[in-house]
Amino acid sequence: MKFCVTTPIYYINGDPHIGHAYASIAADILARFKRLDGDEVHFSTGTDEHGIKVARSAETAGMDVYKFSDLMSQKFRDLGKVINLSEDDFIRTTEERHIVSSQQLWRRISDDVYMGTYSGWYSARDEEYIPEEDLSDGKAPSGAPVEWMEEESYFFRLSAYQDRLLELYEKNPDFIAPPSRRNEVISFVKSGLKDLSISRSKFDWGIPIPDAPGHVMYVWIDALANYITSLGFPENEERVAEMMANCVHVVGKEILRFHAVYWPAFLMSAGLPLPKRIFAHGWWTSEGQKMSKSIGNVVDPQKTVEKYGLDPIRYFFFREIRFGEDGDFSEKSLQRRISYDLANDLGNLVQRVLAFVQKIGGLRVNYDFIEDERPLFEDSRSLMRKLRVLMDKQDLNGVLGEVWSLISASNKFVDHMKPWELVKDDEDKLNRVLTALCESLRAIAFGVAPFMPSTADKIFDFLNVDGKSFREIEVNFTDQTFRPPFPLFPKE
RNA sequence: CGCGGGGUAGAGCAGUCCGGUAGCUCAUCAGGCUCAUAACCUGAAGGUCGUUGGUUCAAAUCCUUCCCCCGCAACCA
C-alpha cells in the first residue's frame, strides 16, 4: 500500500509556535504508523514563502528577501528536529522545482483562467487589500486610509465547479473530516461559488505567471501546488497520481476551505487525481485563553520540549482531546498526563513487569495459555488490527484510548495473577503469566511508537525487539535475559 | 427566522440515528495489595440528562416552546 500525508506549508511571516508543532506531529504520527505497517509512505512539510507580507517583513528587517526567507524557513526546519519529525521532504515554495511545478499547474488549468478586474479597498501604507469587514470607520485595522482600487487580475472559473464539488462531497462522505467541518464546507459551496482572483500585479514576490509579465501568482495556486511538487510534478506524474489518491492533507480549520474547495477544483481542472481526505484539526488555547503575543501566553515549542521532554508533549496533544476538536494547553493538565498516564500507568507497568522478570533470572516462555492468560494474550496480538481501523479515520485519540486500555488490563492482570506468589509454588503459571505480560508490553510499545518514538525504542530495547515492523508482534518470544529496565518517566 | 454544532455528576466528555435499569476519564471518600516510579487493584458517594408542553406502558433519546454557548457566512497561508 501507498500512503501520503502532508502538513500545511507554514507561512514564514512569523516564528514557529505550538500550533505548527501540533499539525506537524499529527502528520508525523500518521506517517510513522503507516511505515510500521509496511506501507510506502511519502510525508511532506515545508514553508510558504511568497507574498506581500513576507516581502514587507524582509524589508522591515532590513534584509534581502531571499536571505530573509532562508532564515525563516530554517526556523521551521529546526522545529522539525525539535519535535522529531520524520518527513520525507521539506519543500520551500521558492525552490526551482516548485516554480516549475506551479507554472506547469497554471498551464494545465488555463482553460479555466481568464483575465478580469480585481477590485477592493486598498491600503497604500499597508500595501494590501483590506477585506470590507475588517474596515473600521473606513480605515484599515492599522489606521491607514484606504481607497477603492482596481487592477487587472487573472481569475479561476471556480463557479463552474460548484456542482462537481458537491457531487464529490456527496459521493465521498469522508473526503472532509471531521464531519462537522464537512457540513460547513458543503453549506459554503451550496451558497454559491464566485470565481477566484489568482494573480497580483502590485508586487513581484511570487511565482511569475507564464507569458504574463508583471503578474505573479496569488497564494492559492502557489501554496497548494506544493503537495504535487513534493510528489514529483510535473516530471513524475505517475507517482503524483498513485500517491495523491492515498493522500491525507492535515490542515488547520482556518485553511480548510482552500483545501476542500479550491484545491480539488484546481486538480479537477488540471486533470489530476484528488487527495483522499482533507482533515481539519482544531486550535489550542493556552491556559484557557486564546494564544496571543500581547497576553504573553504563546506556547514556545522549543521551551516546552526542554522543560517536559518531547514524547510527553506528543502524547498530550492526542490524548487530551479528540483529533479535530479544539483544546486547551495548560501546564497543569500536561503535568497530570505525564504523572498519571505516562509514569503511573505505562512507565510503572513496564518497570514492575521487567524488574520482576529480572529478579527471577530472566524470561522462560510458556505459551500454553489457559483461560487466565489467554484474553490478555489475544488482546495484545489483536491490538494492531484495532488501531489500523482507527488510524484510517485519523482517530488518534481513539488509538491512544485502545492502547491505554491494554495498559490498564495489564496492570489489572498483574494484580490478579500475583506473580510474587506464583514464584513460590507454581512455576508453570508464573511463566505463562510473564510471557503474556511481555507480549502485552511489546504490543503496547508498538501502539505507542508512532506517538512517542523514543519511549517505544526504550521498551523495544528492554525486550530485545527490533521495533521496525508490526509483523514482529506475531513472533513468539524465546527464553532470554532482558537488560535491566529503568523508569521511563521518572518522577522527582 | 442565513447555515451548522452544542447544553448529561465538581471538571472534561460518551450515550441521542435504531426510546426500555444514565456511562467514561479526572477530582472526592473508603478498603486491598506490596512485584513496581508512595506506583497498582477493588468498592462507594455524586446527575430533576438547559427550559416548556406533548406522544408513549416507558423519553437524555421522538415532536413542540423558550433560553444560553460555539463554529461558518469568500480572497484570512
Side-chain angles (χ1 to χ4, degrees), chain A residues 8-14 20 46-51 53-54 93 118 120 128-134 141 153 155-156 158 178-198 200 218-220 222-224 226 251-259 261-262 280 282-283 319-322 325-328 332-333 336-337 339-360 397 401 404-405 407-408 410-423 430 433-434 437 485-492:
Chain A
I9 47 172
Y10 302 117
Y11 202 50
I12 58 170
N13 201 40
H20 299 109
T47 45
D48 182 17
E49 310 184 8
H50 289 125
K53 287 183 181 167
V54 170
T93 55
Y118 180 76
E128 68 181 334
Y129 285 93
I130 311 294
E132 185 100 36
E133 63 270 19
D134 287 352
S153 163
F155 280 80
F156 175 77
L158 182 66
S180 54
R181 297 290 161 197
R182 174 172 180 265
N183 293 338
E184 279 177 22
V185 171
I186 290 175
S187 124
F188 169 73
V189 172
K190 275 190 179 157
S191 73
L193 294 175
K194 292 186 211 157
D195 291 349
L196 275 183
S197 165
I198 53 171
R200 285 293 184 274
Y218 203 42
V219 287
W220 316 135
D222 176 355
L224 289 165
N226 94 83
V251 303
K253 61 180 182 179
E254 78 283 7
I255 55 172
L256 173 63
R257 182 182 311 142
F258 308 128
H259 287 80
V261 181
Y262 305 164
W283 285 350
R319 176 63 172 192
E320 189 71 1
I321 53 160
R322 294 187 83 84
E325 318 244 294
D326 293 343
D328 182 52
K332 202 173 154 198
S333 39
R336 218 187 57 204
R337 290 290 181 191
S339 178
Y340 298 157
D341 297 4
L342 298 181
N344 295 0
D345 291 345
L346 171 59
N348 184 55
L349 171 68
V350 171
Q351 185 70 15
R352 72 195 296 207
V353 171
L354 293 181
F356 194 85
V357 171
Q358 284 286 311
K359 192 183 269 185
I360 62 164
N397 181 254
W404 253 257
S405 56
I407 290 173
S408 172
S410 302
N411 268 321
K412 287 181 188 21
F413 183 76
V414 175
D415 272 70
H416 296 154
M417 294 300 129
K418 302 185 177 23
W420 55 91
E421 284 179 12
L422 294 176
V423 74
L430 176 68
V433 163
L434 293 178
L437 281 166
F486 52 82
L488 296 174
F489 300 94
K491 295 186 171 178
E492 301 290 312

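Proteins come first, then strands; the chains are lettered A, B, ... in the order of their sequence lines, and each starts at number 1. What you see is a predicted model, and the numbers here were worked out from it, not measured in a lab.
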Exercise. Does A/Trp420 reach the main-chain N or O of A/Phe356 with its side chain, forming a donor-acceptor pair under 3.5 Å?
Worked result: no
For this session: Write down the distance between CZ (A/Arg352) and P (B/A38), rounded to a whole number of angstrom.
Result: 12 Å
Problem set entry | Any donor-acceptor N/O pair, A/Asn348 side chain to A/Ala343 backbone, under 3.5 Å | no
For this session: Quick one: list whatever passes side-chain hydrogen bond (donor to acceptor under 3.5 Å, both in side chains) with A/Ser405, sequence neighbours left out.
Result: none
Return the polar atom pairs (N/O with N/O) between nucleotides 24-34 of chain B and the protein under 3.5 Å, or none.
residue: B/A27; atom: OP1; partner: A/Tyr340; partner atom: OH; Å: 3.2

Exercise. With sugar-phosphate meaning primed atoms plus P, OP1 and OP2, does A/Leu488 contact a base, only sugar-phosphate, or nothing at under 4.0 Å between heavy atoms?
Worked result: base
Exercise. Rounded to the Å, how far apart are A/Phe413 CZ and B/U42 P?
Worked result: 14 Å
Exercise. Can you find a donor-acceptor pair, distance only, under 3.5 Å between A/Asn344 side chain and B/A39 base?
Worked result: no
Exercise. Is B/C57 paired to anything, Watson-Crick or G-U wobble with both distances less than 3.5 Å, and if yes, which nucleotide?
Worked result: B/G20
Problem set entry | Residue mapping more 5' on RNA chain B - nearest nucleotide basis, A/His50 or A/Pro419 | A/Pro419
Exercise. Counting any heavy atom closer than 4.0 Å, what does A/Lys194 reach on the DNA or RNA strands: base, sugar-phosphate only, or nothing?
Worked result: base
For this session: Assign A/Pro8 to base, sugar-phosphate, or nothing according to its heavy-atom contacts below 4.0 angstrom with the strands shown.
Result: nothing
Exercise. Is A/Asp195 touching bases, backbone alone, or none of the nucleic acid, heavy atoms closer than 4.0 Å?
Worked result: base
Exercise. Are any side-chain N or O atoms of A/Thr93 and backbone N or O atoms of A/Ala223, one a donor and one an acceptor, separated by less than 3.5 Å?
Worked result: no
Exercise. For B/U28, what is the paired nucleotide under Watson-Crick or G-U wobble rules, both distances under 3.5 Å?
Worked result: B/A44
Exercise. Under 4.0 Å between a side-chain N/O of A/Lys53 and OP1 or OP2 of B/A77, yes or no?
Worked result: yes
Problem set entry | Length of the CD-P vector between A/Gln351 and B/A38, whole Å | 10 Å
Exercise. Given atom CG of A/Leu256 and atom P of B/C3, what is their separation to the nearest angstrom?
Worked result: 21 Å
Seminar exercise, completed: Across every strand shown, the nucleotide meeting Watson-Crick or G-U wobble geometry with B/A14 (both distances under 3.5 Å) is none
Exercise. Touch check for A/Leu193, heavy atoms < 4.0 angstrom, all strands: base, sugar-phosphate only, or nothing?
Worked result: base
Problem set entry | Nearest-angstrom distance from the residue atom NZ of A/Lys491 to C1' of B/A38 | 8 Å
Exercise. Between A/Glu184 and A/Phe258, who's closer to the 5' end of RNA chain B by nearest nucleotide?
Worked result: A/Glu184
Exercise. Looking across every strand, which nucleic acid part, if any, lies under 4.0 Å from A/Ser197 by heavy atom: base, sugar-phosphate, or nothing?
Worked result: base
Seminar exercise, completed: When rounded to whole Å, the CG to C1' distance for the pair A/Leu437 and B/C40 reads 13 Å
Exercise. Should the ring pair A/Phe258 and A/Tyr262 be called parallel, tilted or perpendicular, given that the plane angle runs from 0 to 90° and is split at 30 and 60?
Worked result: tilted
Problem set entry | Nucleotide forming a Watson-Crick or wobble pair with B/U65, both distances under 3.5 Å | none
For this session: Go ahead and name the base partner of B/C3; Watson-Crick or wobble counts if both distances stay under 3.5 Å, otherwise write none.
Result: B/G71
Exercise. Going by the angle between their ring planes, with limits at 30° and 60°, are A/His20 and A/Tyr10 parallel, tilted or perpendicular?
Worked result: perpendicular
Exercise. Is there aromatic stacking of A/Phe188 against B/A73, centre distance under 5.5 Å, plane angle under 30°?
Worked result: no
Seminar exercise, completed: residues 186-196 of chain A vs salt bridge (charged side-chain N to carboxylate O under 4.0 Å, His left out), sequence neighbours excluded, gives none
Exercise. With sugar-phosphate meaning primed atoms plus P, OP1 and OP2, does A/Arg322 contact a base, only sugar-phosphate, or nothing at under 4.0 Å between heavy atoms?
Worked result: nothing
Exercise. Taking only side-chain nitrogens and oxygens of A/Lys253, does any of them come within less than 4.0 Å of OP1 or OP2 of B/C72?
Worked result: no
